[in-house]
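What follows is one structure encoded as structure tokens, with my remarks underneath.
Since the structure is predicted, the reported quantities are computational estimates derived from the model, not experimental observations. The first residue in the sequence is number 1, and the count goes up from there.
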Amino acid sequence: ILYNDATIYNPTHLFGLFSAFNPDIVRDMELYKSSIPAKYGGRISSVLEINSREGNKKEFKGSASLGLLTSRLTLEGPIAKEKSSFIIGGRATYSDWILKKLPEKSGYRDGNAGFYDLNATLTHMFDARNSIYFNGYYSQDRFRFEETELYKYRNTNASVKWRHIFTPKVTGVFALGYDHYDYKTENTTDASMHYALKFAINQVFAKGDFKWFLNDNHTFNFGINTLSYNLEPGDYSPYGNESLVVHDRLQQEKALESAFYFGDQWNITPQLSVDLGIRYSIYNVLGPRKYNLYDPNYLPSLTTVSETKDEPGGILKTYHGPEFRASARYAFSGDLSVKAGINTMRQYIHKISNTSIMSPTDTWKLTDMNIKPQKGVQIAAGLYKNFASNTIEASLETYYKTMDDYLDYRNGAQLLMNHHIETDVLTTKGRAYGVELMFKKTQGKLNGWVSYSYSRTQLRQDDKRIPLPVNKGDWYSADFDKPHEFKFIGNYKFTHRYSLSLNCEYTTGRPITLPVSKYEYVGGQYVYYSDRNKYRVPDYFRMDMAFNIEPSHRLTLLTH
């Protein structure tokens with residue numbers, strides 16, 4: 001998820017009820033899920049690109065919103081008329097009261113939760129060929145369900161972007177920025193065991209992207225980018241004067257990810273267009289670092305260590321490889337077309353989680369000497385048809401994807417504060433496939449869209465060194481596998497002032513691993529768990545209905 005070129009690692013507020021992005025600030029967003037342009041890389045899934053808008057260069061304006069859970073304020077205006085502008089926005093919540101409404105038996109009535117975020121953008125146009133943009137973003141969340149546990153996480157991003165027009169046919173955009181994400185957990189259940197657990201990711205990025213408009217039907221895209229990682233995997237420390245917790249800190253992880261790319265968008269004929277691209281990525285593991293090497297005939301464990309190294313610095317290992325992008329579109333007529341494409345992708349940072357929900361304590365791990373980068377290949381095709389003089393759009397899309405060296409945890413793994421995480425994770429193979437059907441009506445009194453998708457995401461451990469693979473080596477559902485998803489968004493406008501909106505969403509419940517029995521052994525009691533992700537949480541259904549009354553146009557007289 002990219003926000004003004006910066007990476008956002010946790011994009012939600014208040015358990016997913018709110019997006020991390022202020023709608024008053026957002027200018028546009030685009031999701032690339034099948035045909036991903038060559039300029040994007042570093043992930044084997046999709047890319048969501050979000051850009052904030054510029055402030056008004058002509059007059060000062062503002063807006064405010066007061067709600068049951070949140071309020072927000074936005075101010076914008078010129079600094080130097082027609083040349084420079086600013087826009088700032090902020091949101092805050094006062095949602096603790098809603099937890100007080102939960103049933104007493106839930107155990108959460110004494111909890112509290114809240115967030116706030118701040119956005120700022122400054123723009124200046126030097127002349128018709130040069131513009132500069134300064135962007136800043138900060139958000140913080142905190143919540144507790146019990147008095148003794150507190151969770152916090154925050155995103156911080158800052159960037160500067162320069163847009164330059166070299167010639168009427170060649171433009172360039174240069175960006176430099178800083179990203180930060182961290183979380184902190186405080187536990188005060190037992191005074192002698194009070195602790196604080198911290199995790200952080202720091203990134204510095206630089207990129208240059210160029211466009212060459214060869215002619216009306218042919219455009220070249222090319223560029224180069226680099227990203228420096230500095231990851232703090234864990235800091236476990238005593239919290240309070242009475243705590244007997246022993247301080248423990250995982251060593252820093254540093255790496256450099258760089259890439260250069262070239263893309264070609266070509267409208268060969270009015271009916272046929274192609275989009276071709278190649279991206280070459282290079283990843284350097286950096287020191288200083290202390291690490292183990294393991295006997296390749298066995299799974300990594302502290303009993304199969306063949307050598308321990310303590311490197312002072314420099315480049316310790318390099319991974320590199322090409323990523324290919326190709327797609328084509330053919331229009332049979334003005335209202336019927338087909339599109340197909342293939343992407344190959346590489347990812348050097350891994351998210352490791354044993355929960356079926358987004359958690360601020362998810363662990364991120366950089367590729368290193370023992371953990372390889374993830375690789376993916378996706379093939380997609382779609383059929384698109386418009387009806388009723390192009391007022392109704394219909395689409396049918398299907399895809400198949402393979403994943404290699406996807407990281408999953410072993411049974412009984414310790415994911416937090418693990419100095420040798422490679423001994424508790426396994427590389428698996430993955431596959432994802434599905435079909436999506438959508439109808440969209442864009443005009444008329446009744447407008448909206450309805451969609452259905454059937455999609456599966458599955459993993460399998462087939463390493464011959466694994467004596468007891470998860471689910472006996474068969475395919476099993478990934479944590480985010482939701483086979484069925486149905487969405488309906490409809491709006492009906494009775495008059496210019498009165499309208500009705502209805503939003504519905506249904507999805508299959510996410511997979512979960514449950515304890516199915518308990519037993520005693522040598523005087524101790526143990527829990528026996530089901531196969532990995534064999535069960536599912538209940539299906540999810542949500543419906544929102546709104547009746548909207550627009551103010552009378554007579555109210556505009558108050559502004560005169």
Next on the checklist: I'd like to know whether N157 forms a side chain to side chain contact (heavy atoms under 4.5 Å, CB included) with Y178, so could you lay out the CA-CA distance, the side-chain angles of the two residues, the decisive distance to 0.1 Å, and finally the verdict.
Outcome noted: CA-CA 6 Å; N157 307 94; Y178 167 77; over 6 Å; no
Item to check | From CA spacing to verdict: salt bridge (charged side-chain N to carboxylate O under 4.0 Å, His left out), R144, E186 | outcome: CA-CA 10 Å; R144 67 167 88 235; E186 297 173 2; 5.8 Å; no
Checklist entry - Given D310 and R289, is the salt bridge (charged side-chain N to carboxylate O under 4.0 Å, His left out) satisfied, shown in steps? => result CA-CA 6 Å; D310 192 351; R289 191 174 301 193; over 6 Å; no
Next on the checklist: Does D117 form a salt bridge (charged side-chain N to carboxylate O under 4.0 Å, His left out) with R91? I'd like the steps, not just the answer.
Outcome noted: CA-CA 5 Å; D117 58 42; R91 291 186 301 172; 2.6 Å; yes
Next on the checklist: Walk me through whether Y399 and Y433 qualify under ring-ring contact (aromatic ring centres under 6.0 Å, His included).
Outcome noted: CA-CA 5 Å; Y399 66 94; Y433 56 89; 7.9 Å; no
Checklist entry - Checking salt bridge (charged side-chain N to carboxylate O under 4.0 Å, His left out) for the pair D368/K317: CA distance, chi angles, key distance, verdict? => result CA-CA 7 Å; D368 59 20; K317 191 174 180 65; over 6 Å; no
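A side-chain donor-acceptor contact under 3.5 Å links E397 and Y384. Residues T70 and Y94 have side chains that never bring a donor and an acceptor to within less than 3.5 angstrom of each other. Side-chain atoms of H484 and D539 form no donor-acceptor pair, as typed in the model, at a separation below 3.5 Å. Q140 and Y138 are linked by a side-chain donor-acceptor pair at a separation below 3.5 angstrom, with hydrogens and angles left out of the test. Side-chain contact check for T318 and N284: at least one donor-acceptor pair (N or O, by modelled atom type) lies under 3.5 Å. Between the side chains of S453 and S455, no donor N or O sits under 3.5 Å from an acceptor N or O. E422 and Y294 share a donor-acceptor pair across their side chains, judged by distance under 3.5 Å alone. There is no side-chain donor-acceptor pair under 3.5 Å between N22 and N119. No side-chain donor from either of Y32 and N343 sits under 3.5 Å from a side-chain acceptor of the other. Using modelled atom types and a 3.5 Å distance limit, the side chains of H350 and T367 yield a donor-acceptor pair. Using a 3.5 Å distance cut-off with no hydrogens or angles, the side chains of H420 and N418 do not pair a donor with an acceptor. Checked by atom type, the side-chain pair N533/D479 shows a donor-acceptor distance below 3.5 Å. Side chain to side chain, N10 and R154 fail the donor-acceptor criterion of an N or O pair below 3.5 Å.
Remark: S306 engages no residue in a side chain to side chain donor-acceptor pair (under 3.5 Å) (not counting sequence neighbours). Every residue two or more places apart in sequence or in another chain that forms a side-chain contact (heavy atoms from CB on, under 4.5 Å) with V26 is listed here: F21, M29, I50.
A salt bridge between D182 and K184 is absent, with no side-chain N of the basic residue lying under 4.0 Å from a carboxylate O of the acidic one. A salt bridge links E253 with K365: the closest approach of a Lys/Arg side-chain nitrogen to an acidic carboxylate oxygen falls below 4.0 angstrom. The residues D481 and R456 are annotated as salt-bridged, a charged nitrogen and a carboxylate oxygen being separated by less than 4.0 angstrom. Comment: D141 does not engage K152 in a salt bridge, judged by the lack of any side-chain N to carboxylate O separation of less than 4.0 angstrom. The residues R465 and D463 are annotated as salt-bridged, a charged nitrogen and a carboxylate oxygen being separated by less than 4.0 angstrom. Using a cutoff of 4.0 Å between basic side-chain nitrogens and carboxylate oxygens, E436 and K33 are scored as salt-bridged.
Between S34 and K339 the shortest side-chain heavy-atom distance does not fall below 4.5 Å. Counting heavy atoms from C-beta on, the side chains of I352 and V425 come closer than 4.5 Å. The side-chain heavy atoms of I36 and R325, taken from C-beta on, include a pair separated by under 4.5 Å. Y40 is listed as a side-chain neighbour of L2, based on a closest heavy-atom distance under 4.5 Å. Here the side chains of I512 and R536 are not in contact, with every heavy-atom distance at 4.5 Å or above. Using a 4.5 Å heavy-atom threshold, the side chains of L256 and T226 count as touching. The shortest distance between side-chain heavy atoms of R43 and T7 falls below 4.5 Å. With a 4.5 Å cut-off on side-chain heavy atoms, T363 and L416 count as touching.
The six-membered or imidazole ring of Y151 lies near that of F143, with a centre-to-centre distance under 6.0 Å. The distance between the ring centers of Y280 and Y261 does not fall below 6.0 angstrom. Aromatic pair F439/W449: ring centres not closer than 6.0 Å. Close placement of the F18 and F115 rings is indicated, their centers lying within 6.0 Å of each other. Remark: aromatic rings of F541 and Y506 are distant, center separation not under 6.0 Å.
Geometric assessment of R460 against the ring of Y406 yields a negative cation-pi assignment under the 6.0 Å and 45° thresholds.
For the side-chain hydrogen bond (donor to acceptor under 3.5 Å, both in side chains) with D405, the qualifying choice from R346, Q374, K375, K372 is K375, the only one to do so. Of the listed residues (Y153, Y9, F199), just one forms a ring-ring contact (aromatic ring centres under 6.0 Å, His included) with Y183, and that residue is F199. Partner of I371 under the side-chain contact (heavy atoms from CB on, under 4.5 Å) criterion, out of V285, T427, I421: I421 alone.
With a 6.0 Å radius and a threshold of 12 heavy atoms from other residues, nucleotides or ligands, Y521 has its OH atom at or below the threshold. Counting heavy atoms of neighbouring residues, nucleotides and ligands inside a 6.0 Å radius, atom CD of E505 exceeds 12 of them. For CE of M438, the number of neighbouring non-hydrogen atoms (other residues, nucleotides, ligands) closer than 6.0 Å is greater than 12. No more than 12 heavy atoms of other residues, nucleotides or ligands shown are found within 6.0 angstrom of OH on Y298. Atom OH of Y400 has more than 12 neighbouring heavy atoms from other residues, nucleotides or ligands inside a 6.0 Å radius. The local environment of CG in N241 is sparse, with at most 12 non-hydrogen atoms from other residues, nucleotides or ligands closer than 6.0 Å.
We find the CD-CE distance between Q347 and M403 to be 10.5 Å, quoted to the nearest 0.5 Å.
Heavy atoms only, all atoms of each residue included: L459 and G430 are closest at CD2-CA, 3.9 Å. Closest approach of L14 and A113 over heavy atoms only: CD1-CB, 3.6 Å.
Within the structure, every pair that satisfies the ring pair (Phe, Tyr, Trp, His ring centres under 6.0 Å) test and touches residues 229-253, not counting sequence neighbours, is listed here: Y195-Y236.
At distances below 3.5 Å, at least one donor-acceptor pair connects side-chain atoms of T304 with backbone N or O atoms of L299. Side-chain N or O atoms of R279 include one that pairs as donor or acceptor with a backbone N or O of K39 at under 3.5 Å. The backbone N or O of I44 lies less than 3.5 Å from a partner atom in the side chain of K401, making a donor-acceptor pair.
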